[in-house]
Structure formats: structure tokens, C-alpha cells
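Here is the structure we will look at.
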Amino acid sequence: MRANISSGSALESTAGFSRAVRIGDLLAVAGTAPIAPDGSVAAPGDVYGQTKRCLQIIATTLSAAGLGMNDVIRTRIMLTDIQTWRDAAKAHRELFAKFKPACTFVEVSRFIDPGWLVEVEADCVALRSASVLEPNPLDRPFFHGVHGVSGL
């Protein structure tokens, strides 16, 4: 069954998208911009503050879909200036220090609003029965370093 989750943003109807789409245990969260509750740009000029706002919006979206931040398995952080990645990483680390999803940082030329310095996407899987903090598979004895991995 498919469930579309809306944030109520006017951009959703303008562009024909949903903030997130859940199908079964999978949830995909669209690029999330740093939009303040009043519709203005949150934390103008501050990549750290904008990233925190994006992650807050994502957390609200996940809650609406019946998931939590521990269900996030991958994030994509898009920045207009890749030199600011450490500021975005700080906000990401503060929220995901325990769960550590796969994460990619990329530079883009610009966003819809020139005040947005960052957007964040998230992919999630509902972890109903999975252990959240399973051992790191790279710590297992069959890991062979730079020569490859067997048994994963």
C-alpha cells in the first residue's frame, strides 16, 4: 500500500510531489529545504542552522509516517558550497551519532530559493524487528581490508 505524506508546503502542489512516500516498510523523503514555520528561510546564511532545520522537518515527516530517526538508512546532503560540509556534518552527527546512516555530501549550483544553502533527503526502512545497533560487519574476522570483502 502507498501512503503519500504531505508537509503542507505550497511547493508540493506547484511541483506535484509529496514530502515523503511510504510503500510498505520503505519511506523516501524528498529534498527538504530549510523553511521556517512562517515560510521564510530558516537560519539565513548559517549552514549548520539550516541543516538542523532540514533534519527537524524530516523528523516530523517520519513521525507522521509512523517511523523514527533510527529508521533512516541513508541521507543525502546537498550544499551550494561544498567547503561548508563540516557545518552540515556537525548537525548531521549530532542527530545521527547513535544510528549512523549512510550519508553523501554533494555540491549543487543552487536551489529554488537563493537563501537555501542546503537540502537534505532521507531513505528509511521501518526497523520493526531489526536490531538498531548491530555489530559493525567490517569488524568481523572475514574482512580483508583493501583487498576486498568476503561474506558480506
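- Put simply, the side chain of F99 does not reach to within 4.5 Å of the side chain of V72, judged on heavy atoms.
- Closest approach of F105 to W85, counting heavy atoms only: CE2-O, 3.8 Å.
- With values rounded to the nearest 0.5 angstrom, L95 atom CG is found 12.0 Å from R93 atom CZ.
- T60 OG1 to I5 CD1: the interatomic distance, rounded to the nearest 0.5 Å, is 12.5 Å.
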Derivation of the side-chain hydrogen bond (donor to acceptor under 3.5 Å, both in side chains) call for S7 and E12: CA-CA 8 Å; S7 67; E12 290 178 26; 2.6 Å; yes

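- In this structure, T80 and E107 have side chains that are not in contact, with every pair of non-hydrogen atoms separated by 4.5 Å or more.
- The backbone N or O of G115 lies less than 3.5 Å from a partner atom in the side chain of Q50, making a donor-acceptor pair.
- One distance of note links OG1 of T84 with CG of L79; it measures 4.5 Å at 0.5 Å rounding.
- Neither F17 nor I23 shares a network with the other; the hydrophobic side chains, linked directly or stepwise wherever heavy atoms of I, L, V, M, F, W or Y lie under 4.5 Å apart, form separate groups for each.
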Taking it one step at a time, do R22 and L67 satisfy side-chain contact (heavy atoms from CB on, under 4.5 Å)? CA-CA 10 Å; R22 181 171 182 177; L67 281 77; 3.0 Å; yes

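- Contact of the L27 side chain with the L62 side chain is registered, since non-hydrogen atoms from C-beta on lie closer than 4.5 Å.
- A donor-acceptor pair under 3.5 Å is formed between the side chain of R19 and the backbone N or O of G31.
- Residues E121 and C54 have side chains not in contact (no heavy-atom distance under 4.5 Å, counting atoms from C-beta outward).
- Separation of atoms OG (S40) and CD1 (I35) is listed at 9.5 Å; rounding is to 0.5 Å.
- Between the side chain of S63 and the backbone N or O of A59, no donor-acceptor pair lies under 3.5 Å.
- A donor-acceptor pair under 3.5 Å is absent between the side-chain atoms of D46 and the main chain of A43, judged by distance alone.
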Test side-chain contact (heavy atoms from CB on, under 4.5 Å) applied to V120 and R76, step by step: CA-CA 6 Å; V120 180; R76 288 171 206 83; over 6 Å; no

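- The distance from the CG atom of D123 to the CG atom of D71 is 12.5 Å, given to the nearest 0.5 Å.
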Could you please spell out the steps behind the side-chain contact (heavy atoms from CB on, under 4.5 Å) verdict for L117 and F111? CA-CA 8 Å; L117 306 175; F111 295 113; 5.9 Å; no

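- The shortest side-chain heavy-atom distance between W116 and R110 does not fall under the 4.5 Å cut-off.
- Placement of I82 and M78 in two distinct hydrophobic clusters is found when ILVMFWY residues are connected by side-chain heavy-atom separations under 4.5 Å, directly or transitively.
- At a threshold of 4.5 Å between side-chain heavy atoms, the hydrophobic network of Ile, Leu, Val, Met, Phe, Trp and Tyr places I58 and Y48 in two separate groups.
- Side chains of F96 and T75 form a contact here, defined as non-hydrogen atoms less than 4.5 Å apart.
- At least one side-chain heavy atom of H92 sits less than 4.5 Å from a side-chain heavy atom of I77.
- Contact annotation: the side chain of V118 never approaches that of R53 to less than 4.5 Å [non-hydrogen atoms, C-beta and beyond].
- Distance alone, capped at 3.5 Å, is enough to place a donor-acceptor pair between the T32 side chain and the A30 backbone.
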